[in-house]
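Counting from 1, the numbers follow the sequence of the chain as shown. Please read all numbers here as calculations on a predicted model, not as lab measurements.
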Amino acid sequence: MGFEIEIKVRVAALEPIERRLTESGAQLIADQDEHDIYYNAPHKDFAKTDEALRLRYVENQRCGKVMPPCVTYKGAKTGPEGFKSREEIIVDLSSGEEFSAMLERLGFTRTADVCKHRKIYQIEHGIVTLDSIEGVGVFSEIEAEAGLSQEESMEVIDRAAEQFGISGERLTVSYLEIVLAAKK
């Protein structure tokens, strides 16, 4: 359990950012396909409370392994303009299908699926992701490592954005919100 502090930027292309990452010595720690299934609660509307409940399946392309599924709760977004901070609780599961069936029996409804290809690079005090989201485009996220203050996190993120050429409008909306808006 913790808080994530990050930025998300819609970018024109991922290749220039990836080139700068590899030239700087950043380590590729994951190259994976992610299938996220989002749910809404029967007792409150997560779109109104700005919360999210996500079931994630991951297939790691670097090692050819399918990782165990996990469920993530995300609290309401906070943070200064352009930065997104939110509580995040992640629980590993032995069966995504059984968890999904349990949610449905409890009255949760499936909101949407988000499919993406993601590369994750380790940088000093954080990570940079290069995301290709099915049907909506390409994005890069910079997330500061846990344990830093908000000010330190913002400095790490701003420095990485400049160093790796991650520029453009900083989005505080989630990939779920982007996918749902694209379907309208």
Side-chain angles (χ1 to χ4, degrees), residues 2-21 26 28-40 45-56 58 70 72-90 111-146 148-184:
F3 276 83
E4 62 177 357
I5 299 177
E6 67 181 15
I7 65 165
K8 176 187 293 138
V9 179
R10 182 185 298 268
V11 295
L14 298 173
E15 294 79 12
I17 299 167
E18 187 166 25
R19 187 171 38 257
R20 290 174 95 164
L21 284 161
L28 178 65
I29 58 174
D31 181 357
Q32 59 200 33
D33 292 315
E34 297 179 356
H35 178 196
D36 295 340
I37 304 168
Y38 287 87
Y39 290 89
N40 202 7
D45 183 354
F46 289 155
K48 291 181 180 170
T49 62
D50 197 26
E51 297 169 285
L53 183 65
R54 174 187 74 205
L55 174 61
R56 174 172 283 171
V58 176
C70 66
T72 303
Y73 163 80
K74 291 187 175 232
K77 295 183 282 292
T78 62
E81 188 174 330
F83 290 86
K84 183 172 66 171
S85 176
R86 66 193 314 187
E87 181 182 26
E88 184 176 67
I89 303 169
I90 302 172
T111 304
D113 289 30
V114 176
C115 297
K116 71 172 135 333
H117 183 81
R118 170 173 274 180
K119 289 185 176 181
I120 304 172
Y121 282 87
Q122 182 72 54
I123 61 168
E124 186 176 7
H125 303 298
I127 60 169
V128 173
T129 67
L130 305 177
D131 296 330
S132 179
I133 311 300
E134 192 174 287
V136 294
V138 293
F139 302 82
S140 184
E141 293 183 347
I142 306 168
E143 183 176 338
E145 69 185 15
L148 299 177
S149 70
Q150 182 172 325
E151 184 177 300
E152 291 168 325
S153 295
M154 291 168 56
E155 288 173 11
V156 165
I157 290 168
D158 284 338
R159 188 171 43 251
E162 184 177 330
Q163 180 180 1
F164 303 118
I166 302 168
S167 61
E169 180 186 0
R170 293 183 177 189
L171 306 171
T172 55
V173 293
S174 67
Y175 286 135
L176 171 61
E177 292 167 310
I178 293 168
V179 166
L180 290 175
K183 290 182 178 183
K184 288 183 180 181

Participant: Ignoring hydrogens and angles, write down the donor-acceptor pairs under 3.5 Å from the side chains of residues 177-184, residues two or more places apart or on other chains.
Facilitator:
residue : atom : partner : partner atom : Å
Glu177  : OE1  : Lys77   : NZ           : 3.2
Glu177  : OE1  : Ser174  : N            : 2.6
Glu177  : OE1  : Ser174  : OG           : 3.3

Participant: For Phe139, what residues pass the ring pair (Phe, Tyr, Trp, His ring centres under 6.0 Å) criterion, not counting sequence neighbours?
Facilitator: Tyr175
Participant: Which residue is it: Lys116, Glu34, Arg10? I am looking for the one with a side chain to side chain contact (heavy atoms under 4.5 Å, CB included) to Asp131.
Facilitator: Lys116
Participant: Shortest non-hydrogen contact from Ser140 to Leu130?
Facilitator: OG-CD2, 3.8 Å
Participant: In terms of heavy-atom contacts, does CD of Glu152 have more than 12 from other residues, nucleotides or ligands at under 6.0 Å?
Facilitator: yes
Participant: Should we count CD of Glu134 as having more than 12 external heavy atoms under 6.0 Å?
Facilitator: no
Participant: Could you check whether any side-chain N or O of Arg20 sits under 3.5 Å from a backbone N or O of Gln163, counting only pairs where one atom can act as donor and the other as acceptor?
Facilitator: yes
Participant: Go through the side-chain N and O atoms of Ser149 and Glu151 and say whether any donor and acceptor fall under 3.5 Å apart.
Facilitator: no
Participant: Considering only NZ, NE, NH1 and NH2 on the basic side and carboxylate oxygens on the acidic side, decide whether Lys74 and Asp50 come within less than 4.0 Å.
Facilitator: no
Participant: Establish, yes or no, whether the cationic atom of Arg54 lies under 6.0 Å from the six-membered ring centre of Tyr39 and within 45° of the ring axis.
Facilitator: no
Participant: With distance as the sole criterion, is a donor-acceptor pair present between the side chains of Tyr73 and Glu87 under 3.5 Å?
Facilitator: no
Participant: Are the side chain of Thr78 and the backbone of Ser85 linked by a donor-acceptor contact shorter than 3.5 Å?
Facilitator: yes
Participant: Closer than 3.5 angstrom, by distance alone: can the side chain of Arg86 be matched with the main-chain N or O of Gly75 as a donor-acceptor pair?
Facilitator: yes
